[in-house]
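For reference, the structure is listed below as structure tokens.
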Amino acid sequence: MKKLGFGLMRLPTTGSEADIDMKELCRMADTFLERGYTYFDTAYMYHGGRSESAAGEAIVSRHPRDSFWLTSKLPTFYLKEKGDQEKIFAEQLRRCKVEYFDNYLLHSLDERNYATAEKFGSFGYVAKLKEQGYIRHYGFSFHDSAEVLDKILTAHPEVEFVQLQLNYLDWEDERIQSRKCYETAVRHGKKVIVMEPVKGGTLANIPPEAQKLMQECHPDWSPASWALRFVAGLENVKMVLSGMSTPAQLEENTSFMGDVQPFDERENALVAAVTGLIKGKGAIACTACRYCTESCPKNIAIPDYFSLYNASLSKKDAGEEKKRYAALGEKFGKADDCIRCKKCERVCPQHLPVTEYLPKIAELFK
Ligand code: SF4
Ligand code: SF4
């Protein structure tokens, strides 16, 4: 199987997050399949709960079931009482219009969600689904330290694969621990699926001096392609997910991901240098996954404000960002509406100190 998977979490929309542009998605899915790529990845809560039904309409209803792989995930963070996982799984089959999932994951395990999964016997539940033919393979996606990953894989050697946040910016990052997590998975003999290879778009929009370095080395590689190639070249990586939002992104990614080679010494040194340049700018490492916005009682547009803040870092005048901040503030809570309840921080897979950043943003854009 070619190593590029279509992540259905940043789909084209016609308005709000839940208004998926179905015509565009159908065209993109068709092109993806025509080019020999077959892997699609959705989840219960992507696009305000609409991603799975969009997959059902755009992919499952329009293509033979054996011509693609469809993956979805059990939202462990939504499990409150006995019977919840059964209800959710039945709903997922209905939404996606499938009789089975090719891959099924316990979604977003960290220390807390792992405890929930154990409490509700989720590992045993997915093993049973496999026995019954409702899923073909199972694993889990993960957002915590290598130590926690080691603990889970030691307790559950039966899982077939893990989905990890790997990218060159987080490779040596002490909070995300990309390299350490990858090495832990390899030590346990697990296949790896990569999420956030471009870190929510951060590695597609790098500072000009970093772009220059990349162009000197490979004039025809875009910054996003450097990011995808870096992880796709790792030996145990079997699939790299990219949340493609436009036909142009799909066009570019499918043009080179069919044949990617591991990085040589020079290329590895270059991404390490680029990492230093990006981190030196002080950007907020938000991937725009939007897990936080659901839980915010003040409806603060957290990832949008972080994105404006990051965009302002490379400019002398943040006038444009200020205007966009004011416009967002008409529809959503403003940065200084935060009541520091920290619900956002508890669900943020990047472990970002949201409540420390928001006052800075409020001050910058006031
Ligand atoms: S800490 Fe602030 S931003 Fe985070 S959920 Fe609470 S109100 Fe929203
Ligand atoms: S702040 Fe965290 S949870 Fe919210 S969008 Fe960014 S990475 Fe995701």
Side-chain angles (χ1 to χ4, degrees), residues 7-11 13 16-18 41 43-49 51 73 75-78 107-113 141-145 163-167 169-170 173-178 181 194-205 227 241-243 245 278-279 282-313 324-325 328-329 331-366:
L8 304 172
M9 74 181 301
R10 295 190 183 93
L11 295 172
T13 58
S16 78
E17 205 201 345
D41 174 271
Y44 188 71
M45 32 79 82
Y46 290 170
H47 280 276
S51 172
K73 313 184 186 82
T76 47
F77 36 86
Y78 286 169
H107 196 173
S108 200
L109 292 195
D110 55 12
E111 188 96 63
R112 207 159 59 113
N113 293 338
S141 62
F142 181 76
H143 289 284
D144 209 322
S145 66
Q163 187 161 305
L164 300 176
Q165 174 169 329
L166 302 186
N167 57 65
L169 192 69
D170 293 327
D173 185 280
E174 256 320 294
R175 222 169 12 144
I176 306 295
Q177 303 191 349
S178 276
C181 286
V194 175
M195 57 185 161
E196 302 293 2
V198 191
K199 204 163 166 74
T202 304
L203 302 184
N205 298 301
L241 302 177
S242 174
S245 311
I278 298 172
K279 293 207 166 179
I284 299 174
C286 170
T287 62
C289 68
R290 309 196 82 85
Y291 291 5
C292 54
T293 51
E294 256 187 53
S295 52
C296 176
K298 292 290 179 182
N299 195 24
I300 297 172
I302 301 165
D304 305 298
Y305 296 159
F306 287 176
S307 160
L308 291 177
Y309 176 82
N310 288 348
S312 75
L313 291 176
R324 286 169 56 200
Y325 175 77
L328 282 165
K331 247 170 104 185
F332 301 97
K334 295 198 177 69
D336 54 7
D337 290 336
C338 174
I339 52 168
R340 299 183 66 82
C341 65
K342 300 208 173 193
K343 285 187 177 167
C344 51
E345 294 184 7
R346 285 200 280 278
V347 295
C348 176
Q350 309 304 318
H351 313 293
L352 295 178
V354 176
T355 50
E356 283 174 33
Y357 292 138
L358 287 176
K360 282 190 204 160
I361 290 171
E363 177 61 25
L364 179 71
F365 294 142
K366 79 178 174 203

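All residue numbers refer to positions in the sequence shown, counting from 1. Numbering of ligands and ligand atoms starts at 1, following listing order.
Look at Glu196 and Arg10 and you find a salt bridge, because one of the NZ, NE, NH1 or NH2 atoms lies within 4.0 Å of a carboxylate O, short of that distance. The existence of a salt bridge linking Glu363 and Lys360 is excluded, since no basic side-chain nitrogen approaches an acidic carboxylate oxygen closer than 4.0 Å.
Atoms of ligand 1 found under 4.0 Å from any heavy atom of Arg340 (numbered from 1 in listed order, with element): 1 (S), 2 (Fe). The Leu358 neighbourhood of ligand 1 comprises atoms 3 (S), with distances under 4.0 Å to a heavy atom of that residue. Of all atoms in ligand 1, numbered sequentially from 1 with element shown, those under 4.0 Å from a heavy atom of Lys342 are 1 (S), 6 (Fe). The distance from ligand 1 to the heavy atoms of Ile339 drops below 4.0 Å at these ligand atoms: 2 (Fe), 7 (S). Near Thr355, meaning under 4.0 Å from any of its heavy atoms, are these atoms of ligand 1: 1 (S).
Using modelled atom types, no side-chain atom of Glu111 and backbone atom of Asp144 make a donor-acceptor pair closer than 3.5 Å. Ser108 places no side-chain N or O within 3.5 Å of a backbone atom of Pro75 that could act as its donor or acceptor partner.
Counting only heavy atoms of the protein, atom 6 (Fe) of ligand 1 lies nearest to Cys341 SG, 2.2 Å. Regarding atom 2 (Fe) of ligand 1, its nearest protein heavy-atom neighbour is Cys338 SG, 2.4 Å. In terms of protein heavy-atom proximity, atom 8 (Fe) of ligand 1 is nearest to Cys296 SG, 2.4 Å.
Aromatic pair Tyr309/Tyr357: centroids not less than 6.0 angstrom apart.
Taking the six-membered ring where the residue is Trp, Phe365 and Tyr325 present tilted rings, their angle falling between 30° and 60°.
Among pairs with a residue in residues 301-312, those fulfilling salt bridge (charged side-chain N to carboxylate O under 4.0 Å, His left out) read Arg290-Asp304, at least two apart in sequence or across chains.
Protein contacts to atom 4 (Fe) of ligand 2 involving N, O or S atoms at a distance below 2.8 Å are Cys292 SG.
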